[in-house]
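Scroll down for the structure; my scribbles are underneath it.
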Amino acid sequence: MERHDDATLLHADGEVELATAARLAAELAACSGEILLDLRSVTFIDCAGVTVLVDATHRAAVGGGRLRIVPGRAMQRLSDILGLAGELHLEDELSLRRRHPRPAVDG
């Protein structure tokens, strides 16, 4: 978890499924305001993971914030199949880079 002036940035990787979804839910519940969730390294997500994302999206909105998600291939595919575009705020990788640029490395 990285906290920035305007948002909290979370990264998830591997599988988000029944056995691991509670951990992601706890991390999201610990955040408030603007949250940016990077799922580009997630290789599998099931309905337990989707439930966590939908619940966290609603909870953030009620609290005056917003959960934005940068989907990886697995999340994007599931979103397309389930029609989640209206339920979740999916953003592209370019948006992530614009809001949270990596520092330049001196070489």
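Everything quoted here is computed from the prediction, not taken from an experiment. These values consider heavy atoms only, across backbone and side chains, with no hydrogens, waters or symmetry-generated copies.
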How long is the straight-line distance from [atom2] of [Y] back to [atom1] of [X], given to the nearest 0.5 Å?
X: His11; Y: Arg40; atom1: NE2; atom2: CZ; value: 7.5 Å
X: Leu9; Y: Arg68; atom1: CG; atom2: CZ; value: 9.5 Å
X: Leu84; Y: Gln76; atom1: CG; atom2: CD; value: 10.0 Å
X: Leu37; Y: His89; atom1: CG; atom2: NE2; value: 13.0 Å

Heavy-atom pair of closest approach, residues [X] and [Y]:
X: Glu91; Y: Pro71; answer: O-CD, 3.1 Å
X: Val42; Y: Ala74; answer: O-CB, 3.7 Å
X: Ser32; Y: Thr8; answer: O-OG1, 4.4 Å
X: Leu78; Y: Asp46; answer: CD2-O, 4.4 Å
X: Ser79; Y: Ala85; answer: OG-N, 3.9 Å

Same cluster or not: are [X] and [Y] linked, directly or through other Ile, Leu, Val, Met, Phe, Trp or Tyr residues, by side-chain heavy atoms under 4.5 angstrom apart?
X: Ile81; Y: Ile69; answer: yes
X: Leu82; Y: Leu67; answer: yes
X: Val54; Y: Leu28; answer: yes

message = Ala21: which residues meet the side chain to side chain contact (heavy atoms under 4.5 Å, CB included) condition with it, sequence neighbours left out?
response =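 Per chain and number, Ala21 pairs via side chain to side chain contact (heavy atoms under 4.5 Å, CB included) with Ala48, Val52.
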message = Run the side chain to side chain contact (heavy atoms under 4.5 Å, CB included) test against Ala22 and tell me which residues pass, sequence neighbours left out.
response =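 So Ala22 forms no side chain to side chain contact (heavy atoms under 4.5 Å, CB included) with any residue.
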task = Without swapping roles, check the side chain of Thr57 against the backbone of Leu88 for a donor-acceptor pair under 3.5 Å.
result =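 Pair absent, no side-chain N/O of Thr57 close to backbone of Leu88.
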query = Any side-chain heavy atom of Met75 within less than 4.5 Å of one from Leu53?
reply =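 Heavy-atom side-chain distance check passes, below 4.5 Å.
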